[in-house]
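The structure appears below as structure tokens.
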Amino acid sequence: MINLFKIKDKRLQDAGSANGRPPVKKQSAGELRLHKDISELNLPKSTVISFPNGKDDLMNFEISIRPDEGYYLGGAFLFTFLVSSAYPHEPPKVKCKTKVYHPNIDLEGNVCLNILREDWKPVLNINTIIYGLNHLFTQPNHEDPLNHDAAAVLRDNPRLFETNVRRAMAGGYVGQVHFPRCI
Amino acid sequence: MENSFAEQGRWRDIDNLLSRPGNIVGPGFEPSPQLRQEIGEFARVLVVGAGGLGCELLKDLALSGFPNIDVIDMDTIEISNLNRQFLFRLQDVGKSKAEVAAKRVMERVSGVNITPHFCRIEDKEINFYNDFNIIVLGLDSIEARSYINSVACTFLEFDSEDNPIPETIKAMVDGGTEGFKGHARVILPGMTPCFECTIWLFPPQVKYPLCTLAETPRTPAHCIEYAHLIKWSEVHSGKAFDPDDPEHMQWVYTQALKRAELFGIAGVTYSLTQGVVKNIIPAIASTNAIISATCALEALKLVSGCSKTLSNYMTYNGVVGTHIKVADFVRETDCLVCGPGTLIDLDISTTLSQFIEILGQHPKLLVMKSSITHRGTNLYMQSPPILEEMTRPNLHLPLHELMGGVPDDTIHASGMAVRDGKKTSCLRKLRVKFKGLPDGTTEMGTTSVCKELEPDLN
Ligand SMILES: [Zn+2]
């Protein structure tokens, strides 16, 4: 065990760090883990990543997904990621910035993906989330609805759902709601 | 006269503790009747947080013979604090917790000097924290603990045998409570596990599936989280929710109540709304008192050696009866925050790409295809292509130059480690030391040598 009292004299004469340079804060464990995640990204072909604040801010980034099959083929959907310093203890906050007619994404951009909330574990990573988001476009799921109407249509009338998705992506109304073009 | 008599009486027990030898004392304890005064002259304690734990800590530390204390807290006093944050009065509502707490303790304990800092912990220069012998934490968030921990570990340095240099160890005593449960721990970076070594001790925050909130709420908490996470953004497009704004909180409460009525759910109250949104578990004054007393005593033991310190993590559970347990957790030797990292000697002419080669051949590392980051600057990224392209020009530059010309520093590498033919992804802390600097005597890289080198480099 250390006895601080023993080293008081040393401390008094040595106000800076032991190597004589002013200390600079180290990167947090969360930032470092994110650095590892990003440096190992293996993105699906459908996904493009960008860093709006440059190469040294990995805590804020965007991905754009262009699904290569399914209802959403041809559309482009932008997501923002906000990673906190408590990562990976806490999952990143992910929002969909493209207004989309989708059973699991609401009109405000909230995303219902289990690994973003209740099923997040620190062993998961950014790659897992990106694959999860891609999966939402190839396999939209009426059992976890955030957009109640879209979920009901998908369940009861998949053909109408497909028509609605095309209409929304082309820039048009579904019911009372207008969707900007995203093709 | 009466006053000084009372003063002497106040310190009688502490002086007994510090002036008598014993057989359960810490190593190197030198009992003396002057010890309390000597501690008073050099010991500087920082208390982080002036809330439920902070009020108790300040009072306990002041009465345990620490005359020089600083306290930092960005919060202001709320009416709901008054039941347990006993240094505050009704007329203090809206004022700085740190300032009022400091003033109240100084009024009651003569000779104690408490300096308040009414700001965020991130607002202070790193060097501010180096002025203290001990940092005592009375916090309620993982992020704040993690921040202070990484700051304290910033001062830690290792010798060439990977042993921590004692005078660079910044001791921390961390207290925490949740209702009837609490913990107290002693962190000596480099010797005992740091906060990051044992972050798994903190249970992750409960998160409900968004679709449950939107579709099938069953509990009052579901209704509150619906109003907080979904309804808020629907109505206030673009405006961020501020949990410290009472109007925002009131709005969420009203919406949650409507939602609960719609689904026939009972039990949504304003205080539950605050609790769910801010993830607060009701605080129990006596739990705070028990945990703070433990922390203050550990601080006294650390500076005086009058008894062995807690080794190293105490949990208190008052939910069913009273249960106290001490666990001796071990350090993660590979911890990115408090670990020594692998020492690598490099020539000042070594380029970044040569450095990445070296990491692949270094017997202790064998890390291939590394991405390199240095103090928040990404020097090279193997992936994604957009970052690879941006960082590629660095590959042919000398690492010494990329690291700002310092003689030695910490740097991190992410890559693939090859062990027994198996590849696993890994993240390594490295201590880089440059050879061939002017003066050329860095061989063992001792503290004094680095110090002498410094003027030549600037
Ligand atoms: Zn550690």
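By convention in this document, chain letters (A, B, ...) are assigned in the order of the sequence lines, proteins followed by strands, and residues within each chain are numbered from 1. These numbers were taken from a predicted model, which means no experiment stands behind them.
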On a heavy-atom basis, the closest approach of Ile199(B) and His89(A) is O-CE1, 3.6 Å
Using non-hydrogen atoms and a 4.5 Å limit, figure out which bit of Asn114(A) sits close to chain B: side chain, backbone, both or neither. neither
Side chain, backbone, both or neither: which part of Leu427(B) has a heavy atom under 4.5 Å from chain A? both
Counting heavy-atom pairs under 4.5 Å with chain B, the top scorer among Asn147(A), Asp37(A), Asp144(A) is Asp144(A)
Check each atom of Glu196(B) against the heavy atoms of chain A and say whether the ones under 4.5 Å are side chain, backbone, both or neither. side chain
Side chain / backbone / both / neither for Glu90(A) at chain B, heavy atoms under 4.5 Å: side chain
Which atom pair, heavy atoms only, marks the closest approach of Asn378(B) to Asp56(A)? N-OD1, 2.7 Å
Most heavy-atom pairs under 4.5 Å with chain A, out of Ile230(B), Thr373(B), Leu387(B), belong to Thr373(B)
Cut-off 4.5 Å, heavy atoms of chain A, and the answer for Ile411(B) is neither
Cys426(B) versus chain A, heavy atoms under 4.5 Å apart: side chain, backbone, both or neither? backbone
Quick check on Ile386(B) against chain A: is it the side chain, the backbone, both or neither that has a heavy atom closer than 4.5 Å? side chain
So, Ser383(B) side chain and Leu41(A) main chain: donor-acceptor pair closer than 3.5 Å or not? yes
Hey, could you give me the SG/CZ distance between Cys211(B) and Arg117(A), rounded to the nearest 0.5 Å? 10.0 Å
Using heavy-atom distances under 4.5 Å, tell me whether Pro91(A) contacts chain B through its side chain, its backbone, both, or neither. side chain
Between Phe202(B) and chain A, with a heavy-atom cut-off of 4.5 Å, which part of the residue counts as in contact: side chain, backbone, both or neither? both
Can you name the closest pair of heavy atoms from Glu40(A) and Gly415(B) and give their distance? OE2-O, 4.1 Å
